Amino acid sequence: MKHLALKSLVGSSLLLFGVTTFAQDRDRDDNRYHQSDRDEGFWRGRLFERVRADLDHIQSGTPIFSRDEYRLVKVKEELGELQRRYEDRGYDSAKMDDVVAALQHVVSDNHLSPRDRDMLNDDLSHLREFQEHHDGYR
């Protein structure tokens, strides 16, 4: 009986240690993502790619089949369609409005960490700037 209790205690300790180690490791990866230099050179010529990468980063920590994930998938679809239209036919004002509105819904309605919300607000700011100055983007 003592032997079984000792095995259970050791097993529980290892499980608890493993879970906390995983959580700490994920935190460090998250910190590295947020610490990247996001100056104007970061955005130049890669706006759609950068916004998509931020959405992918947030989606990786979002529960699947949730309303939060649905909103993320929706904005990524809208962004992809905007990018295709932009590359094929040039700027599409209505599609740009759809992307900005969808991203605004994510910022307003999703359960986000303060850093992720700030990051998406930064993305929104760059998309709105693109709306105003899209002629000089290419």
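Nothing fancy with the numbering, it's 1 onward along the sequence. These numbers come from a predicted model, not from an experiment.
- Using cut-offs of 30° and 60° for the angle between ring planes, the Phe130 and Tyr86 rings count as perpendicular.
- Applying the side-chain contact (heavy atoms from CB on, under 4.5 Å) test to Asp97 and every residue at least two apart in sequence or in another chain returns Ser93, Gln131.
- Within 6.0 Å of NZ on Lys95 lie more than 12 heavy atoms contributed by other residues, nucleotides or ligands.
- Gln59 pairs by the side-chain contact (heavy atoms from CB on, under 4.5 Å) definition with Asp56, Glu69, Leu72, Val73, Lys76, not counting sequence neighbours.
- You'll find the side chain of Arg52 reaches within 4.5 Å of the side chain of Gln83, heavy atoms only.
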Exercise. Give the C-alpha distance, both sets of side-chain angles, the deciding distance and a yes or no for salt bridge (charged side-chain N to carboxylate O under 4.0 Å, His left out) between Asp118 and Arg115.
Key: CA-CA 5 Å; Asp118 290 345; Arg115 289 190 310 184; over 6 Å; no
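- The CG atom of Asp122 lies 14.5 Å from the CZ atom of Arg117; values are rounded to the nearest 0.5 Å.
- In this structure, CZ in Arg85 is found 13.5 Å from CE in Met96, a value given to the nearest 0.5 Å.
- Remark: Ser108 pairs with Gln104 by the side-chain contact (heavy atoms from CB on, under 4.5 Å) rule, at least two apart or across chains.
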Practice problem: Under the side-chain contact (heavy atoms from CB on, under 4.5 Å) rule, what do Asp123 and Val107 come out as? Steps first, then yes or no, please. | Solution: CA-CA 10 Å; Asp123 292 349; Val107 170; over 6 Å; no
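- In this structure, the side-chain hydrogen bond (donor to acceptor under 3.5 Å, both in side chains) partners of Arg71, at least two apart in sequence or on a different chain, are Asp68, Asn110.
- When side chains are defined from C-beta on, Leu82 does not count as touching Asp98, because their heavy atoms never get closer than 4.5 Å.
- Annotation for Leu112 and Asp116: closest pair CB-CB, 4.3 Å, computed over non-hydrogen atoms.
- Side-chain contact between His57 and Met119 is present, with heavy atoms from C-beta onward closer than 4.5 Å.
- Heavy atoms of other residues, nucleotides or ligands lying less than 6.0 angstrom from CZ of Arg128 number more than 12.
- Between Leu79 and Val51 the shortest heavy-atom distance is CD2-CG1, 3.8 Å.
- In this structure Arg84 satisfies the side-chain contact (heavy atoms from CB on, under 4.5 Å) test together with Glu81, sequence neighbours excluded.
- Note that the CG atom of Leu55 and the NZ atom of Lys74 stand 13.5 Å from one another [nearest 0.5 Å].
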